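Predicted, not measured: the structure shown is a model, and the values here were computed from it. Per chain, numbering begins at 1; letters A, B, ... match sequence-line order.
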Number of protein chains: 2
Amino acid sequence: MSRASERAYSAIRAHLLSGSVAAGEQLTEDQLAQITGVSRTPVREAVRRLEDELLLVRSDTKRLFVADWSRDDIEEMFVLRQMLECHAAERAAKRLSREQIAALEALNSELTAAVEQSPPDVVRFLEANRAFHEAIIDAAHSPRLGQMLAKLVEAPVVLRTARTYSQSDLRQSARDHDELVAAFAARDGDWARAVMGSHLRRAFHTFAKTVGPRADDAANDQDSREA
Amino acid sequence: MSRASERAYSAIRAHLLSGSVAAGEQLTEDQLAQITGVSRTPVREAVRRLEDELLLVRSDTKRLFVADWSRDDIEEMFVLRQMLECHAAERAAKRLSREQIAALEALNSELTAAVEQSPPDVVRFLEANRAFHEAIIDAAHSPRLGQMLAKLVEAPVVLRTARTYSQSDLRQSARDHDELVAAFAARDGDWARAVMGSHLRRAFHTFAKTVGPRADDAANDQDSREA
DNA sequence: CGGGGACGTTTTGTATACAATAACCAGCGC
DNA sequence: GCGCTGGTTATTGTATACAAAACGTCCCCG
């Protein structure tokens with residue numbers, strides 16, 4: 001994407017992640033144009049991308065709001081991600097080259113090193129983790145699958161920035177990755193799928209603990225929220 | 001979406017489906033603006049949607065082309081659709097009300113009637129079929145799942161318009177739908193999932209026969225195609 | 001005191017002109 | 001003849017002005 005709309009995208013995204021805007025708050029294109037220093041045209045382009053990534057939401061009358069996910073929304077995303085990424089792991093098991101498997105091993109060494117620092121380097125961990133999962137998805141050789149997963153992974157990452165990670169959680173992640181590499185080396189798609197499944201489902205429960213208990217039946221209307 | 005960009009979207013989509021443009025052909029925003037009778041601004045909006053739906057593709061240098069799916073692309077879409085729609089069927093089995101199940105039954109009566117005409121009314125069949133699947137997806141109550149599926153269903157539909165349906169294919173579809181309704185009535189998610197799986201996988205094979213044999217290893221570069 | 005409608009304000013949508021970039025082509029040196 | 005380089009055209013990207021639509025409010029009427 002071109003320069004201005006790309007800058008707008010990054011700037012708006014950073015602005016949202018910075019926490020300086022509340023979930024559910026209304027934004028206007030003019031505001032965003034001022035913040036980003038470009039005109040409304042590229043802002044609108046950027047906003048469309050962010051809507052697609054579910055970071056922004058439009059009301060029925062086209063007004064723009066900061067997305068605000070319910071616990072059920074988040075669980076839905078995790079369920080979908082699990083379904084898709086298990087599939088990716090299974091395909092990857094058949095397709096990864098020896099070199100690619102070695103690269104995954106290296107990424108996980110990096111990740112493990114980040115975990116075993118004291119205190120653990122969460123930023124370094126997240127980056128290695130992202131790269132690890134991305135490599136698997138790439139190896140699945142399914143461009144649309146990759147595109148869908150990118151959107152799903154994108155969203156929860158935002159909330160995660162606020163979350164505190166325990167070292168034991170991080171260590172478990174590293175062990176899961178080790179086992180994934182073992183499954184890949186054995187070319188065992190079923191094994192890879194199973195490990196990926198428990199890896200992600202556990203991640204959801206860890207995540208959910210910090211968000212709060214399940215809303216049993218609250219009907220929650222995203223769009224009608226006021227600023 | 002607003003009036004002009006909505007019109008542009010429909011017009012461009014119709015233009016693509018009409019078959020008057022070849023797959024891989026280059027389009028320009030100006031051309032599309034002329035065809036649709038609106039300015040480039042709403043055209044760009046419409047084009048973004050069509051890119052998202054994979055009907056249009058952009059080259060690395062932002063030039064716009066009519067999408068041209070390989071057999072592998074199509075299989076990928078069917079695989080993903082199967083994965084997601086099986087999930088939807090399973091969820092729907094737990095959530096559909098008696099009334100909704102009755103509505104599905106009615107839709108399938110309509111579909112069956114279209115099939116048993118002579119000659120079968122394919123347009124009527126396709127519309128009932130679309131409504132049937134959509135109702136299931138809606139009942140799954142997973143908005144992002146619905147969004148993803150919409151994109152996947154969208155794309156192959158285009159090619160389908162060119163395809164000829166045999167009456168026995170259509171009858172088998174109707175029977176599958178009957179069995180799905182039975183699975184829903186029994187609230188058996190596993191059954192529903194299984195029926196949906198075979199329904200869609202068979203659809204893929206039927207479809208694939210008309211497209212031609214699998215390309216075993218051709219590395220096929222969508223974006224570098226010339227007009 | 002409450003509801004409804006007209007009006008001003010805010011916000012989004014569209015057209016158009018201009019800027020930047022990519023493709024094309026022709027001419028030149030080798 | 002081949003490949004490069006310059007300029008030329010085609011195409012996309014951005015800014016801005018204006019149009020349309022939605023929102024809020026205030027006043028009037030019941």
For nucleotides 19-23 of chain D, tabulate all protein N/O to nucleotide N/O atom pairs closer than 3.5 Å, reporting atom names and distance.
| unit_1 | atom_1 | unit_2 | atom_2 | d |
| --- | --- | --- | --- | --- |
| D/dC23 | OP1 | A/Thr61 | OG1 | 2.4 |

- [ ] Heavy atoms only: give me the nearest B/Gly189-B/Ala93 pair and the separation to one decimal.
- [x] CA-CB, 3.7 Å
Task: Contact residues, residues 28-39 of chain B to DNA chain C [heavy atom, < 4.0 Å] - done: B/Val38, B/Ser39
Open item on the list: Without decimals, in angstroms, what is the distance between B/Arg58 CZ and C/dT21 C1'?
Closed with: 14 Å
- [ ] Could you tell me the separation between the CZ atom of B/Arg48 and the C1' atom of C/dG13, rounded to a whole number of Å?
- [x] 16 Å
Task: Ion pair A/Glu29/A/Arg40, N-O distance below 4.0 Å - done: yes
Task: Salt-bridge criterion met for A/Glu75 and A/Arg201 (N-O under 4.0 Å) - done: yes
Identify the pairs formed between an N or O of the protein and an N or O of nucleotides 4-7 of chain D at a distance under 3.5 Å, and give each distance.
none

Task: Nearest-Å distance for atom pair CZ/P, residues B/Arg44 and D/dT12 - done: 8 Å
TODO: Please report the closest heavy-atom contact between B/Thr36 and B/Ala11, naming both atoms and the distance.
DONE: CG2-CB, 3.7 Å
TODO: For A/Phe65 and C/dT12, give me the distance from atom CZ to atom C1', rounded to whole Å.
DONE: 13 Å
Task: Over all atoms of both residues, closest heavy-atom pair of A/Phe184 and A/Ala89 - done: CE2-O, 3.4 Å
Open item on the list: So which atom in A/Ala192 and which in A/Leu180 form the shortest heavy-atom distance, rounded to 0.1 Å?
Closed with: O-CD2, 3.6 Å
Task: Gap between atoms CZ and P, on A/Arg49 and D/dG13 respectively (whole Å) - done: 13 Å
- [ ] Output yes when A/Arg3 and A/Glu6 qualify as a salt bridge under the 4.0 Å nitrogen-oxygen rule, no when they do not.
- [x] no
Open item on the list: Whole angstroms only, please: what is the CZ-C1' distance between B/Arg7 and C/dG13?
Closed with: 13 Å
Open item on the list: Under a 4.0 Å threshold between the charged nitrogen and the carboxylate oxygen, would A/Arg202 count as salt-bridged to A/Asp169?
Closed with: no
Open item on the list: Rounded to whole Å, please give me the gap between CZ in A/Arg40 and P in C/dT12.
Closed with: 7 Å
- [ ] Round to a whole Å and report the spacing from CG of A/Leu64 to P of C/dT12.
- [x] 7 Å
- [ ] Side-chain contact test, heavy atoms from C-beta onward, threshold under 4.5 Å: evaluate it for A/Leu16 versus A/Leu27 and give yes or no.
- [x] yes
Task: Plane angle bin for B/His133 and B/His177 - parallel if under 30°, tilted between 30 and 60°, otherwise perpendicular - done: perpendicular
- [ ] Heavy atoms only: give me the nearest B/Arg81-B/Val153 pair and the separation to one decimal.
- [x] NE-CG2, 3.6 Å
